[in-house]
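These figures come from a predicted structure and were not determined experimentally. First the proteins, then the strands, lettered A, B, ... as listed; each starts at 1. Heavy-atom basis, side chains included; hydrogens, waters and symmetry copies ignored.
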Amino acid sequence: MKRNTINPQWDDPYLIDVPSLPQGSWEDNGQQLKLSVPKEFSFSENMKYLSNAPNECLFHIKDHRIYKAVPIGQETPIIEISAEHENVITIRFFGNTTPSRQEVRAAVAGYVSEWFDLETDLRPFYDLAKNDLLLHRAVSEFYGLRNVGIPDLFEALCWGIIGQQINLAFAYTLKRRLVENFGRSVELDGEQYWIFPSPHKIAALAVSDLAVLQMTTKKSEYLIGVAQLIAEGKLTKKRLLATGDYKKAEKMLVSIRGIGPWTANYVLMRCLRIPSAFPIDDVGLHNAIKHLMGTEQKPTKEEILQLSSTWTNWESYATFYLWRFLY
DNA sequence: AGCCAGGACGGTA
DNA sequence: TACCGTCATGGC
């Protein structure tokens with residue numbers, strides 16, 4: 001008999017911070033969901049991006065399909081995301097994890113819609129990019145790529161903090177250790193699906209609990225501090241968005257210990273989807289520009305501001321597209 | 001072996 | 001405001 005087994009530490013009140021409904025059109029026949037996607041969307045282009053994450057532990061990819069456990073309230077459906085045609089995304093529930101309640105299925109649709117940023121109209125970006133020194137090649141090579149995001153705020157903040165000042169491969173290793181030590185997993189058909197630890201769980205840890213994972217002491221402190229803020233309800237997506245202004249949201253984040261300009265903009269870009277969020281200190285961005293410009297030295301901040309002066313309100317998409325040149 | 005990595009902090013001038 | 005030493009470890 002195949003059953004889902006869930007780790008003991010499952011008395012976990014945290015609800016991931018995601019929309020309860022997709023904004024766009026979608027269908028639900030009780031067994032599977034279909035999301036309509038904009039014309040400027042390419043499933044395979046987004047899959048190429050996701051396939052490149054080395055050592056990713058929160059989803060896996062097989063035969064051009066994504067498999068992932070999505071925690072919604074007290075349920076943890078395991079979904080398969082596929083696209084027979086480029087213009088529609090199909091979500092199937094795995095095994096016996098089909099949520100019986102319609103609102104849970106809707107939340108899953110909302111999660112996927114947000115993950116792939118299906119609501120943004122990319123046409124203005126493509127228009128401005130056509131004549132842009134750095135972007136014209138990016139938008140033709142990666143046409144249909146979305147700003148694939150991190151819908152949950154806590155996960156996005158942790159990923160940003162973990163990634164500070166270390167190479168990406170090591171960052172993935174640290175994330176995996178964090179998830180496998182303090183997250184929970186659902187097992188189905190011999191596969192294990194990991195779910196990111198809750199803020200409550202991390203908030204209750206001691207610095208040494210994280211430091212043994214080879215996180216620096218400071219990173220351990222930062223993660224616990226952010227977890228406490230979120231667990232106490234003091235830091236939410238809603239509050240950040242309620243500032244009504246990108247710069248105010250950035251200030252709110254930067255005031256938190258461990259979150260500097262890079263992390264703040266990274267999270268505003270990948271989680272809150274602020275179009276003008278711009279992690280200008282990002283080494284990856286610097287390397288991409290260096291690569292495209294064929295220069296030996298990294299661009300200065302002034303040069304980047306010059307090159308990006310026409311990206312107004314599309315800085316986050318520009319950054320995301322330029323990252324694609326790095327792998 | 002040595003430089004670099006999807007930075008941030010705390011102190012100093 | 002602007003700069004600098006420090007944190008600390010793995011990847012290549």
Side-chain angles (χ1 to χ4, degrees), chain A residues 48-58 134 138 142 145 147-150 153 155-181 207-229 235 247 250-274 277-292 295-305 307-308 311 315-327:
Chain A
K48 274 188 217 164
Y49 166 76
L50 287 174
S51 304
N52 218 295
N55 205 13
E56 171 62 57
C57 56
L58 295 176
L134 292 175
F142 312 128
L145 175 68
N147 176 355
V148 181
I150 306 172
L153 179 62
E155 184 186 330
L157 282 165
C158 288
W159 182 230
I161 290 168
I162 287 172
Q164 292 168 3
Q165 184 57 18
I166 59 175
N167 61 69
L168 212 49
F170 183 40
Y172 275 103
T173 299
L174 288 180
K175 179 169 102 168
R176 176 179 287 277
R177 288 178 189 159
L178 181 72
V179 168
E180 292 185 350
N181 278 277
V207 170
S208 56
D209 295 327
L210 291 178
V212 294
L213 307 181
Q214 307 303 96
M215 299 262 198
T216 63
T217 305
K218 287 192 173 179
K219 267 184 198 180
S220 305
E221 291 169 1
Y222 300 161
L223 291 176
I224 292 170
V226 166
Q228 288 171 345
L229 283 176
L235 178 62
K247 280 294 168 191
E250 182 189 21
K251 262 190 180 171
M252 186 183 287
L253 285 171
V254 169
S255 72
I256 298 167
R257 182 172 148 80
I259 301 178
W262 177 82
T263 307
N265 279 276
Y266 183 86
V267 168
L268 290 172
M269 166 183 166
R270 298 208 59 201
C271 183
L272 296 165
R273 308 201 166 280
I274 308 293
F278 192 23
I280 194 167
D281 312 301
D282 184 72
V283 178
L285 176 68
H286 302 169
N287 287 335
I289 293 175
K290 196 172 110 178
H291 166 73
L292 287 170
T295 49
E296 286 291 319
Q297 300 205 333
K298 285 186 182 175
T300 64
K301 189 169 181 179
E302 288 67 31
E303 287 168 333
I304 300 174
L305 286 172
L307 289 163
S308 64
W311 299 352
E315 288 89 346
S316 76
Y317 254 94
T319 303
F320 200 79
Y321 267 67
L322 293 179
W323 279 343
R324 286 290 285 109
F325 283 112
L326 299 174
Y327 36 74

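Comparing Gly258(A) and Gly284(A) along DNA chain B, the residue whose closest nucleotide (by nearest heavy atom) sits nearer the 5' end is Gly284(A). If you find the closest nucleotide of DNA chain B to Arg270(A) and to Lys218(A), the one lying nearer the 5' end belongs to Arg270(A).
No engagement by Pro279(A) is indicated, since no non-hydrogen atom pair under 4.0 Å with the nucleic acid exists. Counting any heavy atom pair closer than 4.0 Å across all strands shown, Ile259(A) reaches sugar-phosphate atoms only and no base atom. Nucleic acid contact class of Leu213(A) (heavy atoms, under 4.0 Å, all strands): none.
Look at the C1' atom in both dG6(B) and dG5(C): the space between them is 22 Å, to the nearest Å. For dA8(C) and dG2(B), the C1' atoms lie 16 Å apart once the distance is rounded to whole Å.
As rounded to whole Å, 16 Å separates atom P of dG6(B) from atom CZ of Arg324(A). As rounded to whole Å, 13 Å separates atom C1' of dG7(B) from atom NZ of Lys301(A). Rounded to whole Å, the distance from NE2 on His286(A) to C1' on dC4(B) is 14 Å.
Looking only at atom types and distance, the side chain of Glu315(A) has no donor-acceptor partner in the side chain of Ser308(A) under 3.5 Å away. Side-chain contact annotation: Tyr266(A) with Trp159(A), donor-acceptor N/O pair under 3.5 Å present.
Residue Arg257(A) places at least one side-chain N or O closer than 4.0 Å to OP1 or OP2 of dG10(B).
Within 6.0 Å of NZ in Lys251(A) there are 12 or fewer heavy atoms belonging to other residues, nucleotides or ligands.
Between chain A and DNA chain C, the heavy-atom contact criterion of under 4.0 Å yields a 5' to 3' nucleotide range of dA8(C) to dG11(C).
Of the possible donor and acceptor atoms, none in the side chain of Lys290(A) sits under 3.5 Å from a partner among the backbone N and O of Lys298(A).
For DNA chain B, the residues of residues 163-171 of chain A within the heavy-atom distance limit of 4.0 Å (strictly under) are Gly163(A), Gln164(A), Gln165(A), Ile166(A), Asn167(A), Leu168(A), sorted by number.
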*Could you walk me through whether His291(A) and Leu326(A) pass the side chain to side chain contact (heavy atoms under 4.5 Å, CB included) check?*
CA-CA 8 Å; His291(A) 166 73; Leu326(A) 299 174; 5.6 Å; no
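Taking the salt bridge (Lys or Arg N to Asp or Glu O under 4.0 Å) definition, one finds that Lys247(A) meets it with Glu250(A), sequence neighbours left out.
Two residues are said to be in side-chain contact when any heavy atoms from C-beta on lie closer than 4.5 Å; His286(A) and Ile304(A) meet this criterion.
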